[in-house]
Amino acid sequence: MSLSSYRIHRIYIAATMHYGLGSDDPEELAYYNKIRKEMDDMKKEPVKKGIPLNYDTHKVMDK
């Protein structure tokens, strides 16, 4: 059985707020774990801040 959009939303909120799911449904648990894994992966990636400088841009703009 496919998850309803309401249930997907509830699982997403629970995962992002670090709440427990409170369900033993394997489909819901799989979606919850997928969201949690994606969030953990995002935390591991470095955040690039600032403006990347490319010193060759003035050559391109002169053409």
Side-chain angles (χ1 to χ4, degrees):
M1 181 170 77
S2 179
L3 294 173
S4 67
S5 60
Y6 172 77
R7 196 65 202 144
I8 289 173
H9 180 69
R10 298 287 296 207
I11 295 168
Y12 179 81
I13 295 296
T16 56
M17 301 283 289
H18 300 283
Y19 293 158
L21 186 57
S23 174
D24 293 333
D25 183 22
E27 193 172 5
E28 291 180 3
L29 286 172
Y31 185 69
Y32 178 83
N33 291 331
K34 176 186 164 200
I35 298 296
R36 291 298 307 232
K37 183 180 180 310
E38 288 176 1
M39 289 176 49
D40 291 340
D41 291 344
M42 284 192 307
K43 287 180 184 177
K44 292 177 185 175
E45 293 178 10
V47 177
K48 296 180 181 177
K49 295 181 181 179
I51 300 170
L53 296 177
N54 186 355
Y55 294 107
D56 296 331
T57 54
H58 68 279
K59 293 177 185 175
V60 174
M61 295 177 88
D62 290 339
K63 292 182 180 180

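As the structure is a prediction and not an experimental result, all values here were calculated from the model. Reckoned from all heavy atoms, side chains included, excluding hydrogens, waters and symmetry mates.
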The single option from Asp41, Asn33, Asp40 passing side chain to side chain contact (heavy atoms under 4.5 Å, CB included) against Lys37 = Asp41

request  = Hey, could you give me the OG/CZ distance between Ser5 and Arg10, rounded to the nearest 0.5 Å?
outcome  = 12.5 Å

key: Separation between OG of Ser2 and CD of Glu27, rounded to the nearest 0.5 Å   = 6.0 Å

key: Minimum-distance pair of heavy atoms, taken over all atoms of Ile8 and Tyr31   = CG2-OH, 3.3 Å

note = Closest non-hydrogen atoms of Gly20 and Ala14, given as atom of the first, atom of the second and distance, are O-CB, 4.3 Å

inquiry  = Looking at every heavy atom in both Glu28 and Ser23, which two are closest together, and how far apart are they?
reply    = OE1-OG, 2.7 Å

remark   = Shortest non-hydrogen pair, Tyr32 vs Tyr19, comes out as OH-O, 2.6 Å

task = Using a cut-off of 6.0 Å, state whether more than 12 heavy atoms not belonging to Arg36 lie near its atom CZ.
result = yes

ask   = Do Met39 and His18 have side chains that get closer than 4.5 Å, going by heavy atoms?
value = yes

Closest heavy-atom pair and its distance - Leu3, Ile11 = CD1-CD1, 4.1 Å

Minimal non-hydrogen separation, Thr16 against Ile13, with atom names = OG1-O, 3.1 Å

